[in-house]
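From a predicted model like this one, the values you see are computed outputs, not experimental measurements. Labels below follow one simple rule: chain letters A, B, ... track the order of the sequence lines, proteins then strands, and each chain is numbered from 1.
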Amino acid sequence: MTTAIRAELTKQGHRSASWLLLGIGTLLTVTFGYLVPYVGLSDGSAARGLDAMLPGNFVGAAVGGLPVFVGALALIFGVLVAGSEYGYETWKAVLVQDPSRVRVYTAKLATIAAGTLTGVLVLFTATALCSVGVASLEDQAIVWPSAVDIATGLGGAWLMATMWAALGVALAIVLRSVALPIGLGLVWMLAVQNLLAAIAAPLVPAIADLQKYLPGPNAGALAASLGASPQAPGVDAIVGAGHATIAVAAYLVAFCGIGGWLLHRRDIT
Amino acid sequence: MSFAVETTKLTKRYGSTPAVDQLSITVREGEVYGFLGPNGAGKTTTLRMLLGLIRPTSGSLTLFGERPRGLARVGALIEGPTFYPYLSGRTNLRVLADHAGVSRRRVDEVLELVDLTDRAAEVFRTYSLGMKQRLGLAAVLLKDPDLLILDEPTNGLDPAGMADMRQTIRRLAEDGRTVLLSSHLLAEVEQICDRVGVLHKGKLLIETTVAELTSGGGSLRVTATPADTAYTVLTAVVGADHVHADNEVFELDVPATEAARINAELVAAGVSVSELRWLQPALEDMFLQLTGVES
């Protein structure tokens with residue numbers, strides 16, 4: 001298993017797209033978490049206060065993008081990890097070397113977990129550095145959150161990112177490609193989720209109730225519980241932290257299960 | 001006799017259409033076995049079933065006498081070499097070595113075997129087709145396998161590449177490995193293989209040695225002038241039904257042992273003989289004959 005994971009990590013580590021996704025996620029988080037609000041603060045028209053950009057709240061800034069745009073990037077990463085084997089027609093090359101699909105699939109899941117952990121650590125580092133920068137520029141004291149809050153934030157962020165990446169893996173295996181899973185995944189995350197939350201839920205009570213069991217709103221609630229600004233897209237405390245955590249974890253298990261089951265039972269043609 | 005591969009009534013259906021139908025073949029250890037058939041005959045589907053990529057609808061198969069529980073003794077190349085285009089040749093092999101559970105040190109050994117060491121650092125997408133095929137063969141050899149399953153191994157190669165690949169396959173067989181290869185190139189199977197299974201529309205038409213397959217038939221080619229005198233003599237000697245004339249060229253359905261007598265008769269009649277040659281029956285003719293019977 002160790003060598004299978006090393007194989008998957010080698011594939012992703014040498015792939016510029018993986019690093020590009022990480023760079024875009026970090027850039028977006030820093031831009032909308034610090035750069036734009038800080039410019040607004042300087043103009044005196046800031047919607048977000050200075051407190052949100054100080055070190056005490058960097059965890060919230062780091063996780064704020066995960067319900068939607070950073071989550072979408074994690075989904076793309078998941079699609080690339082699994083779907084590229086269809087695109088490059090390399091499943092057969094891998095499975096004639098190691099016919100255990102369970103082992104190969106588990107190595108892929110370990111790889112997306114490692115990839116999302118790397119991404120989350122980079123986001124936390126970037127937002128922490130930005131928060132120190134803002135505190136220095138504004139002559140504010142540097143007061144960090146407690147270690148427990150940071151660890152909880154890291155764990156929650158990792159859970160959300162891995163859940164979205166696992167959705168990408170499952171979509172890639174269901175659709176046996178790269179482009180269509182990315183397209184459909186992004187439509188769901190960027191359009192359908194917003195339509196349901198902004199238009200359908202206020203009009204139809206059943207959809208409002210359904211929101212409590214969908215992955216996006218639960219990720220949004222989990223991010224909110226970790227301190228993300230409610231002004232960030234998708235961040236809304238519609239359920240409690242415990243409910244959101246269990247729902248996101250359940251979706252993670254379900255997505256992993258669906259992908260594994262299909263890969264196991266289908267022919268590789 | 002021990003078999004590297006044995007299938008019994010192996011069947012794969014897609015809906016009601018059989019891609020492979022009740023296929024029973026045996027590949028003996030140490031031989032080069034050719035799986036021959038036109039495109040769509042079911043060759044690749046069969047090879048994929050042997051490798052566990054496709055599940056049979058019914059029937060059974062064994063590798064080295066056992067139901068396959070892994071592919072530790074098998075190296076395979078199915079439908080051309082596929083690799084990660086953004087990785088170098090060497091990194092691609094390292095990835096596959098990791099999947100195979102083989103030491104990465106083996107990578108440099110197989111690169112040396114296929115003469116790709118100098119180009120191993122280059123990105124796969126820049127490789128020529130011949131280099132890709134050689135890298136594919138290197139991947140096949142990573143596990144130092146006892147059985148090589150090669151699907152159309154010379155497909156897309158230029159004549160020099162084809163000759164090189166055929167030579168390599170024979171060399172691997174001489175090292176004691178069993179080779180099962182599929183091909184739609186009849187001459188290729190004739191050159192490389194010890195035994196052959198002819199597949200058509202998913203069914204095995206015949207399984208035999210290449211020598212047995214080509215032992216029947218054949219003809220004696222005679223080029224002689226003047227053509228009308230030659231035709232008269234030949235029809236008198238072997239019978240008109242056995243003479244196929246095309247101007248000065250005649251093909252005679254006679255045993256090879258008749259050549260000397262026919263030459264003497266022609267010369268005695270004042271005919272000038274410029275060619276007298278025994279033509280081996282082409283495997284292609286055999287194949288068309290077999291599939292013609294089937295259809």
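Atoms CZ and OG1, on Arg48(B) and Thr269(A) in that order, are 6.5 Å from each other to the nearest 0.5 Å. Expressed to the nearest 0.5 Å, how far CG of Asp267(A) lies from NZ of Lys12(B) amounts to 4.0 Å.
Using a 4.5 Å heavy-atom cut-off against chain A, no residue of residues 165-177 of chain B qualifies as contacting. Residues of residues 134-148 of chain B lying within less than 4.5 angstrom of chain A, judged on heavy atoms, are Ala139(B), Leu142(B), Lys143(B) in numerical order. Listed by sequence position, the residues of residues 112-129 of chain B in contact with chain A number zero, using a 4.5 angstrom heavy-atom cutoff. Of all residues in residues 67-78 of chain B, those placing a non-hydrogen atom less than 4.5 angstrom from a non-hydrogen atom of chain A are Gly70(B), Leu71(B), Val74(B), Ala76(B), Ile78(B).
Contacts with chain B were tallied for Ala107(A), Gly87(A), Ala93(A); Ala93(A) has the most, counting heavy-atom pairs under 4.5 Å.
Using the six-membered ring where Trp is involved, Tyr88(A) and Tyr84(B) have ring planes that are perpendicular, over 60° apart on the 30 and 60° scheme.
Residue contact with chain B, scored on non-hydrogen atoms closer than 4.5 Å, is absent for Arg103(A). For a residue to count as touching a neighbouring chain, one of its non-hydrogen atoms must lie under 4.5 Å from one of that chain's; by this rule Arg55(B) touches chain A with backbone and side chain alike. Only the side chain of Arg104(B) has a heavy atom closer than 4.5 Å to any heavy atom of chain A. Residue contact with chain A, scored on non-hydrogen atoms closer than 4.5 Å, involves the backbone and the side chain of Ile54(B) alike.
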